[in-house]
Amino acid sequence: MSTIADNLAYVRKNISDACIRAGRDPKEVTLIAVSKTKPVSDIREAMSAGQTVFGENKVQELRTKTTEITEPLSWHMIGHLQLNKVKYLPGMVDMIHSVDNMALAEQIEKECAKKDTVMNILCEVNMAGEESKFGLAPSEVKDFVKSISGFNHIKVKGLMTVAPATDDPESNRVYFKDMKKLMVDINNEKIDNIKLSELSMGMTNDYTIAVEEGATFVRVGTGIFGARNYAV
Ligand SMILES: *Cc1c(COP(=O)(O)O)cnc(C)c1O
């Protein structure tokens, strides 16, 4: 059986190969190890293999894990977020990837103002228009970004998407391409305070394709830690 260290080495190699194919510098891509549902011991194994950036999708789990692991790591909140949980995130995470509504943006602004800090955020976009998914419709993103561009305690860094689960990852390429175009379009609007540079896209099944299409963050869970068991 492969270890977490083996898996990490394999994923890093795939990212670097995808960068080379696309004429990109591998340093442009940050691998987020998605440790949701996995024990602290697994995170420690990944840390021993040099991993410093981790993603979680639940605030309570983030709180527990960041209490147990006090080494300086970069934590990313990648999951759907309830308003009453926002207060825990300033100082705990480096970025929130899942901002898709005004009420949430206002809450982040308010909580970060209280703590005199600025939160990096990504706007989550439902590129494939899936019924079951969170995220703004692509057509809504520009106005949304505009409407939060004046917030002093939020820095909009880019866009995030969760592409469809599919047996044919190649079929997700179009969504990654379109999200990059969307970022370029928004930058061309020259909105005050807005210069987007980050694209959080690609998961275990499709991260190499996402890297070929310009991802700057890939979020890989299963490919590093193995399958999740939600029954436990
Ligand atoms: C769980 C999760 C991932 C990782 O998914 P894998 O398929 O296990 O790599 C990535 N992004 C988000 C938002 C997730 O919730």
Side-chain angles (χ1 to χ4, degrees), residues 2-15 18 29-39 42-43 45-46 49 51 53-62 64-65 73-82 85-86 89 93-101 104 120-136 141 157-173 175-176 179 198-232:
S2 60
T3 64
I4 288 169
D6 294 337
N7 294 342
L8 270 168
Y10 177 74
V11 172
R12 287 179 188 137
K13 172 76 165 72
N14 288 340
I15 290 171
V29 183
T30 300
L31 169 60
I32 300 178
V34 177
S35 47
K36 65 189 188 193
T37 80
K38 297 295 179 181
D42 282 9
I43 297 174
E45 262 187 72
Q51 185 65 26
V53 186
F54 292 87
E56 291 281 342
N57 69 339
K58 292 209 162 70
V59 172
Q60 188 49 51
E61 198 169 337
L62 262 169
T64 310
K65 286 173 172 170
L73 295 173
S74 176
W75 294 94
H76 289 241
M77 173 61 190
I78 63 173
H80 182 65
L81 188 49
Q82 287 167 336
K85 302 282 174 64
V86 169
L89 296 179
V93 300
D94 286 333
M95 190 175 279
I96 300 174
H97 290 232
S98 44
V99 179
D100 66 356
N101 66 83
L104 178 56
N120 294 318
I121 69 144
L122 304 176
C123 298
E124 181 168 355
V125 190
N126 184 357
M127 290 304 300
E130 290 177 284
E131 202 67 53
S132 59
K133 290 257 166 77
F134 293 108
L136 295 153
V141 180
K157 301 289 285 184
L159 308 176
M160 177 272 219
T161 196
V162 177
T166 170
D167 293 333
D168 173 24
E170 195 52 49
S171 67
N172 283 340
R173 187 181 293 277
Y175 303 120
F176 301 144
M179 195 163 80
E198 307 298 338
L199 293 170
S200 172
M201 56 191 194
M203 302 168 36
T204 295
N205 274 328
D206 53 19
Y207 68 91
T208 57
I209 296 167
V211 168
E212 287 170 8
E213 298 303 333
T216 62
F217 289 105
V218 292
R219 310 176 310 267
V220 179
T222 311
I224 295 171
F225 298 107
R228 287 176 292 274
N229 183 354
Y230 285 102
V232 176

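In each ligand, atom 1 is the first atom listed, and ligand 1 is the first ligand listed. The residues of the chain are indexed from 1 along the displayed sequence.
If you check the side chains of Thr208 and Asn14, you find no donor sitting under 3.5 Å from an acceptor. A donor atom on one side chain and an acceptor atom on the other are not found under 3.5 Å apart for His80 and Ser98.
Remark: of the listed residues Asn120, Thr216, Ile96, Asn120 is the sole one forming a side chain to side chain contact (heavy atoms under 4.5 Å, CB included) with Lys157. If you run side-chain hydrogen bond (donor to acceptor under 3.5 Å, both in side chains) between Glu56 and each of Lys65, Lys36, His76, only Lys65 comes through.
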Close N/O pairs between ligand 1 and protein, under 3.5 Å:
residue  : atom   : partner : partner atom : Å
ligand 1 : 8 (O)  : Thr222  : N            : 2.8
ligand 1 : 8 (O)  : Thr222  : OG1          : 2.5
ligand 1 : 8 (O)  : Arg228  : NH1          : 2.8
ligand 1 : 8 (O)  : Arg228  : NH2          : 3.1
ligand 1 : 9 (O)  : Thr204  : N            : 3.0
ligand 1 : 9 (O)  : Thr204  : OG1          : 2.4
ligand 1 : 9 (O)  : Gly221  : N            : 2.8
ligand 1 : 11 (N) : Arg219  : NE           : 2.8
ligand 1 : 15 (O) : Lys36   : NZ           : 2.6

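Scanning for salt bridge (charged side-chain N to carboxylate O under 4.0 Å, His left out) contacts around Arg173 gives Glu170, Glu212, Glu213, with sequence neighbours left out.
Comment: Glu130 engages Lys133 in a salt bridge, judged by a side-chain N to carboxylate O separation of less than 4.0 angstrom.
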